[in-house]
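Working notes, structure below.
Quick caveat: nothing in here was measured; it's all calculated off a predicted structure. We number each residue from 1, following the sequence as shown.
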Amino acid sequence: MYAPSAETQLDTHEVTNQPPPFAGVDAFTNDVALREALEREGGAWVAKKAGALGKLVGDPEVQALARQTNRHDPEHVPFDAFGRRLDHVEFHPAYHELSRLAYGNAVHSLAWTERRPGAHVARAALSYLWNQIENGVGCPVGMTYSAIPALRLDPEIAAKWEGPALSTEYDPRPLPISQKTGATIGMTLTEKQGGSDLRANATRAEPDGNGGWLLTGHKYFCSAPMCDLFFTLAATEKGLTCFIIPRSLPDGTRNRFFIQRLKDKCGNRSNASSEVEFNRTWAMRLGEEGGGIKAALLMTHHTRLDFAVASSGLMRLALSHALHHTSHRHAFQKFLIDQPLMTSVLADLALEWEAALALSMRIARAVDEEADSEEARLFERLMTPVAKYWVCKRAPAFVAETLECMGGVGYVEELPMARLYREAPLNGIWEGTGNVICLDIQRALQRAPGCDEVVLAELDQARGSEPRFDRFVDTLRNDLPELARDQARARELAERLACALQAALLLRHAPAAVSNTFCRTRLEGASGRHFGVLPMGTPTSAIVDRARNAA
């Protein structure tokens, strides 16, 4: 925010009863729930780096960069002045500056470069904090993070691309990888006729005779089309296969990767989502021929976790703004935050946010442990799509409520709330809409024997502390076989698994004011259909005070 000069002040226009700018906030140091989650899940060693990133959330210059990059949309430049094909996207300088901050703070790479326990938990904390700064930049950052396991399917490809992908140097120049100081990685899987049904893809691949492949087809969604490398799917004689497409070829020319248009989207404006055409586009096969979906899922599984983390961060920023506003604005002889009805709304929102954060960070620990633990692998296989579905599904209503806490000023574009409102639905769409994700949860129960028992064993660790929770888990255990079979109940399955694990984590690790209220309102229906309808006797002030520490 810019402070007005003395000369511009009007005698009749003194501004009173408005909050100060949301500046100087330290989104890490003051976030007690995040710091506790890092401690218990094994990532507390990232505190210094997370602290530096947390300060950026409250930096007015960084906030201005986020506003600018969302006010000035990316521009498609298909040709130069003389008609030569460019297939270029120009970004506002603010986008590049934010990208330098994101990559420079290792938001994309820390999970793979820090070879110690808790690396994915630590990286999740960085992603959670980054998504309180700007979400569009988070798309290529998250895809680059998620690409590493898939790249490792081919040691030769990994040897060439992993180092640049993990570099903390942001290098947007359109050059061959051998000439760059860092690389970004994207993904383009979806086609018009198939959407989430990837087996309906019509793109074809044929060998080029020299070990490479030539792809022909159309991809309906390609986010961040200026990345250096893309994962995609195309059909060979043996079936759908995963390929990687470099944007620049080794001889310095640009690959035949044709941007048809940029999408005019509801939100996520800073991120250039596009349609692209392949016309004998050169590619390298990744993984087994015919095993494309399995290879692609190595990447999408990590992005699904990152969307749950990102939505938790988005919720935290929205709540922080609501707490900040209501802590400084009077109405009816009290600060808004002290008005009983507003306190109830904020307390209910705080419960939802802390539960989302706890769930996301617990799954990040399972990712850390899965290489050495079959139980962790099964836990992560089932609960990653559960978290992706539930946290991302809760975010839009959450942000709408926080915006309303601020009244009309929350709806204007100078503040980030309108941007967050448009942003909130997207994480529920990327990498599988709600129905697709819920069917994947059922698929996990049917095809990964033991994942249900691993999760139930985790829930049992919280038994005995809250009768509502014990009854909820008993009923869930009895209903799981039927819930796993009946497609019409797949959303119910996801919701019950998510709320059960959230409750278990809060009962074990959060104050009683938080955990007991969560069980009363989320497990036995003691709350209303909207945020702010809490049962009599709820310790709303204690819940708000815990969340308020970050505002």
Under 3.5 Å: donor-acceptor pair, side chain of Gln63, backbone of Val57:
yes
Has Ser312 got a side-chain atom pairing as donor or acceptor with Ala308's backbone, closer than 3.5 angstrom?
yes
Say whether Tyr389 and Asp440, considering side chains only, have a donor N or O and an acceptor N or O under 3.5 Å apart.
no
Stepwise side-chain hydrogen bond (donor to acceptor under 3.5 Å, both in side chains) check, Glu466 with Ser515:
CA-CA 9 Å; Glu466 222 289 344; Ser515 59; over 6 Å; no
Can you find a heavy atom in the side chain of Arg496 that is under 4.5 Å from one in the side chain of Thr475?
yes
Is any side-chain heavy atom of Thr300 closer than 4.5 Å to a side-chain heavy atom of Ser146?
no
All heavy atoms of Ala322 vs all of Leu346, minimum pair found to be CB-CD2, 4.1 Å
Distance (rounded to the nearest 0.5 Å) between Leu129 CG and Leu56 CG:
9.5 Å
Look at the rings of Phe531 and Phe398 and say which category their plane angle falls in: under 30° parallel, 30 to 60° tilted, over 60° perpendicular.
perpendicular
Ring centroid separation His324 to Phe22 under 6.0 Å
yes
For Leu357, is there any backbone N or O sitting under 3.5 Å from a side-chain donor or acceptor partner on Trp353?
no
Side-chain heavy-atom pair His328, Ile337 within 4.5 angstrom cut-off:
no
Return yes if some donor-acceptor pair links the side-chain N/O of Asp31 with the main-chain N/O of Leu34 below 3.5 Å, else return no.
yes
Kindly write out the residues that satisfy salt bridge (Lys or Arg N to Asp or Glu O under 4.0 Å) with Glu524, not counting sequence neighbours, or none if the list is empty.
Arg468, Arg471
Would you name the heavy atoms of Ala364 and Ala124 that are closest together and state the gap between them?
CB-CB, 4.0 Å
Contacts of type side chain to side chain donor-acceptor pair (under 3.5 Å), residue Glu41, not counting sequence neighbours:
Arg365
Check whether the side chains of Arg316 and Ser320 place a donor and an acceptor atom closer than 3.5 Å, and report yes or no.
yes
For the residue pair Met361 and Leu505, establish whether any side-chain heavy-atom pair is separated by less than 4.5 Å.
no
Residue pair Met417 / Thr402, side-chain heavy-atom distance below 4.5 Å:
yes
Quiz item: cation-pi between Arg463 and Phe469, 6.0 Å / 45°:
no
Can any side-chain N or O of Asn105 pair as donor or acceptor with the backbone N or O of Leu101 at less than 3.5 Å?
yes
Side chains of Ile133 and Asp59 in contact at under 4.5 Å (non-hydrogen atoms)
no
Verify side-chain hydrogen bond (donor to acceptor under 3.5 Å, both in side chains) between Arg491 and Asn435, making sure each step is shown before the conclusion.
CA-CA 7 Å; Arg491 287 191 174 214; Asn435 286 350; 2.8 Å; yes
Going by atom types alone, do Glu369 and Ser373 pair a side-chain donor with an acceptor below 3.5 Å?
no
Rounded to the nearest 0.5 Å, how far does CG of Leu501 lie from CG of Leu359?
5.5 Å
Kindly check if the number of other-residue, nucleotide or ligand heavy atoms within 6.0 Å of NE2 (His330) is above 12?
yes
Mark yes or no for whether Asn135, through its side chain, and Asn131, through its backbone, hold a donor-acceptor pair below 3.5 Å.
yes
Is it true that Glu354 and Arg546 make a salt bridge, defined as a side-chain N closer than 4.0 Å to a carboxylate O?
yes
Test salt bridge (Lys or Arg N to Asp or Glu O under 4.0 Å) on Asp372 and Arg377 and set out the steps.
CA-CA 9 Å; Asp372 301 314; Arg377 186 189 69 80; over 6 Å; no
Drop me the distance from Leu65's CG to Ser270's OG, to the nearest 0.5 angstrom.
11.5 Å
Give a yes-or-no answer on whether the side chains of Ser273 and Ser223 include a donor-acceptor pair shorter than 3.5 Å.
yes
Is a side-chain donor or acceptor of Ser344 paired with a backbone partner of Leu341 at a separation under 3.5 angstrom?
no
Could you go step by step and tell me if Glu495 and Lys393 meet the salt bridge (Lys or Arg N to Asp or Glu O under 4.0 Å) rule?
CA-CA 10 Å; Glu495 179 173 338; Lys393 187 64 69 179; over 6 Å; no
Would you indicate whether Glu482, at its atom CD, is surrounded by more than 12 heavy atoms from other residues, nucleotides or ligands within a distance under 6.0 Å?
yes
When you check the gap from the basic side-chain N to the acidic O, do Asp368 and Arg116 get nearer than 4.0 Å?
no
Just wondering, more than 12 heavy atoms not from Arg508 lying within 6.0 Å of its CZ?
yes
Just to verify, which of Asn70, Thr69, Asp264 counts as forming a side-chain hydrogen bond (donor to acceptor under 3.5 Å, both in side chains) with Arg269?
Asp264
Side-chain (Asp306) to main-chain (Gly142) donor-acceptor, under 3.5 angstrom:
no
Does Leu323 offer a backbone N or O that forms a donor-acceptor pair with the side chain of Ser327 under 3.5 Å?
yes
Nearest heavy-atom approach of Ala500 to Leu476 is CB-CD2, 4.0 Å
Begin with the C-alpha distance, continue with both residues' side-chain angles, and end with the deciding distance and a verdict on side-chain hydrogen bond (donor to acceptor under 3.5 Å, both in side chains) for His325 and Gln18.
CA-CA 8 Å; His325 183 88; Gln18 288 286 359; 5.0 Å; no
Would you verify whether the NZ or CZ of Lys263 falls within 45 degrees of the ring axis of Phe221 while also being under 6.0 Å from that six-membered ring's centre?
yes
CA sep, side-chain torsions, deciding dist, call: Glu375, Glu370, side chain to side chain contact (heavy atoms under 4.5 Å, CB included):
CA-CA 7 Å; Glu375 289 79 9; Glu370 65 179 348; over 6 Å; no
Mutual orientation of the aromatic rings belonging to Tyr103 and Tyr170 [parallel < 30°, tilted 30-60°, perpendicular > 60°]:
parallel
Indicate yes or no: at least one non-hydrogen side-chain atom of Gln502 is less than 4.5 angstrom from one of Arg522.
no
Looking only at the side chains, is there a donor atom on one of Asn30 and Asp26 sitting less than 3.5 Å from an acceptor on the other?
no
Arg489 CZ to Cys438 SG distance, which is reported to the nearest 0.5 Å
13.0 Å
For the pair Trp112 and His120, name the ring-plane relationship: parallel under 30°, tilted 30 to 60°, perpendicular over 60°.
perpendicular
In Å and rounded to the nearest 0.5 Å, what is the CG to CG distance from Leu420 to Leu403?
8.5 Å
Do NZ/NE/NH1/NH2 and the carboxylate oxygens of Arg100 and Glu97 come within less than 4.0 Å?
yes
salt_bridge(Glu431, Lys388) N-O dist < 4.0 Å
no
Sequence neighbours left out, cut at 3.5 Å: what donor-acceptor pairs do the side chains of residues 444-458 make with other protein atoms?
| from | atom 1 | to | atom 2 | distance (Å) |
| --- | --- | --- | --- | --- |
| Gln446 | NE2 | Ala484 | O | 2.7 |
| Glu458 | OE1 | Arg362 | NH2 | 3.0 |
| Glu458 | OE2 | Arg362 | NE | 2.9 |

Under 3.5 Å donor-acceptor, Gln339 side chain and Met342 backbone:
no
Quick one: do Asp73 and Lys265 make a salt bridge, cutoff under 4.0 Å?
no
Measuring only between side-chain heavy atoms, which start at C-beta, is Thr326 closer than 4.5 Å to Asp338?
no
